[in-house]
Novice: 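Here's a structure for you.
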Amino acid sequence: MWIGTLSLDLLLGDVHSLKEKRSVVRPIVAELRRRFALSVAETGHLDLHRRAEIGMAVVAADRTHCVEVLRACEQLVAGRPEVEILAARERCLAEDDADGQFRQPVDSTD
């Protein structure tokens with residue numbers, strides 16, 4: 001199992017309020033979710049009206065699929081004229097790379 005994450009630091013165009021920011025960011029988040037079936041949310045710069053950070057994650061059986069999906073997400077956002085990508089941080093982790101420990105499954109019969 002592979003876990004791929006992508007964080008995009010965005011500069012928004014002609015935005016003068018947090019309300020206008022939401023009207024730009026929400027459709028991007030919704031389209032990423034709908035088109036690629038991954039987890040995505042606005043994750044940073046919440047109090048700035050011309051900046052946004054969008055984080056997304058995908059789980060797949062192989063690393064190649066994670067990378068393909070995340071690159072397609074980045075291209076989709078880069079193609080939007082109202083935003084400019086300032087930075088993109090991509091990371092892929094194998095199940096063995098996770099820093100969690102093995103635990104017993106939750107018993108739902110209790």
Side-chain angles (χ1 to χ4, degrees):
M1 174 176 70
W2 286 84
I3 304 158
T5 64
L6 176 65
S7 175
L8 298 175
D9 189 3
L10 306 176
L11 177 64
L12 307 179
D14 191 28
V15 173
H16 302 289
S17 69
L18 293 176
K19 186 175 181 178
E20 288 179 22
K21 175 185 179 177
R22 277 194 312 274
S23 71
V24 172
V25 174
R26 282 178 129 183
I28 294 171
V29 168
E31 185 175 2
L32 287 166
R33 236 183 236 139
R34 180 184 56 78
R35 186 176 286 187
F36 299 105
L38 68 155
S39 296
V40 58
E42 184 178 0
T43 56
H45 307 303
L46 300 174
D47 57 343
L48 301 175
H49 65 272
R50 291 210 56 223
R51 294 281 299 276
E53 180 182 81
I54 297 176
M56 57 208 79
V58 62
V59 176
D62 59 71
R63 184 181 188 283
T64 304
H65 183 70
C66 285
V67 170
E68 287 172 357
V69 170
L70 295 176
R71 299 269 165 88
C73 290
E74 185 176 351
Q75 287 178 344
L76 183 136
V77 175
R80 307 276 303 221
E82 67 272 21
V83 299
E84 177 185 343
I85 297 177
L86 298 176
R89 290 173 292 283
E90 183 181 297
R91 186 171 185 194
C92 288
L93 299 168
E95 183 178 14
D96 298 337
D97 295 337
D99 52 351
Q101 296 196 6
F102 290 104
R103 61 178 179 78
Q104 293 297 319
V106 175
D107 185 10
S108 60
T109 60
D110 290 339

Novice: So, taking the atom named CG in L18 and the one named OG in S23, what distance separates them when rounded to the nearest 0.5 Å?
Specialist: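 If we round to the nearest 0.5 Å, L18:CG and S23:OG are 11.0 Å apart.
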Novice: Got a second to check how far T43's OG1 is from E53's CD, nearest 0.5 Å?
Specialist: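 Here the rounded value is 3.5 Å.
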Novice: Do V58 and I3 belong together in a cluster built from hydrophobic side chains that touch within less than 4.5 Å?
Specialist: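 Looking at the clustering, I3 is in a separate group from V58.
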Novice: For P27 and R80, which heavy atoms make the closest approach, and how far apart are they?
Specialist: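 It is CB-NH2, 4.2 Å.
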Novice: Taking side chain as C-beta onward, heavy atoms only, is L11 less than 4.5 Å from R50?
Specialist: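 The answer is yes; the side chains approach within 4.5 Å.
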Novice: Compare every heavy atom of C66 with every heavy atom of G4, then report the nearest pair and how far apart it is.
Specialist: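 Scanning both residues completely, I find the closest heavy atoms to be N-SG, 3.8 Å.
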Novice: Side chain to side chain contact (heavy atoms under 4.5 Å, CB included) with E74: which residues, sequence neighbours excluded?
Specialist: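 E74: side chain to side chain contact (heavy atoms under 4.5 Å, CB included) contacts with L6, L8, I85, A88.
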Novice: Mind checking salt bridge (charged side-chain N to carboxylate O under 4.0 Å, His left out) for R51 and listing every partner two or more places apart, or none if nothing turns up?
Specialist: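 In terms of salt bridge (charged side-chain N to carboxylate O under 4.0 Å, His left out), with neighbours along the sequence ignored, R51 is linked to D9.
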Novice: Could you give me the CA-CA distance, side-chain angles and deciding distance for V67 and E90, then say whether side chain to side chain contact (heavy atoms under 4.5 Å, CB included) is met?
Specialist: CA-CA 8 Å; V67 170; E90 183 181 297; 3.9 Å; yes
Novice: Over all heavy atoms of both residues, which pair between A61 and W2 is shortest? Give the atoms and the distance, please.
Specialist: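 Residues A61 and W2, closest heavy atoms: O-CD1, 3.6 Å.
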Novice: Under the side chain to side chain contact (heavy atoms under 4.5 Å, CB included) criterion, do L12 and V25 qualify, and how do the steps go?
Specialist: CA-CA 9 Å; L12 307 179; V25 174; 4.2 Å; yes
Novice: Is it possible for you to say whether V40 and L76 belong to one hydrophobic cluster, with membership spreading through side-chain heavy-atom contacts below 4.5 Å?
Specialist: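 They do share one cluster, since a chain of ILVMFWY contacts under 4.5 Å joins V40 to L76.
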Novice: If you define the side chain from C-beta out and look only at heavy atoms, does anything of V77 sit under 4.5 Å from I54?
Specialist: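 Side chain of V77 against side chain of I54, heavy atoms only: no contact under 4.5 Å found.
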Novice: Nearest 0.5 Å please: distance from the CG atom of L93 over to the CZ atom of R63.
Specialist: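 Atom-to-atom, L93:CG and R63:CZ are 10.0 Å apart.
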Novice: Enumerate the salt bridge (charged side-chain N to carboxylate O under 4.0 Å, His left out) contacts for residues 32-44, please, sequence neighbours excluded, ordered by first and then second residue.
Specialist: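 Those involving residues 32-44 are K21-E42, E31-R35.
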Novice: Take atom CZ in R89; do more than 12 heavy atoms of anything else shown fall under 6.0 Å from it?
Specialist: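 Counting neighbours around CZ of R89, more than 12 heavy atoms of other residues, nucleotides or ligands fall under 6.0 Å, so yes.
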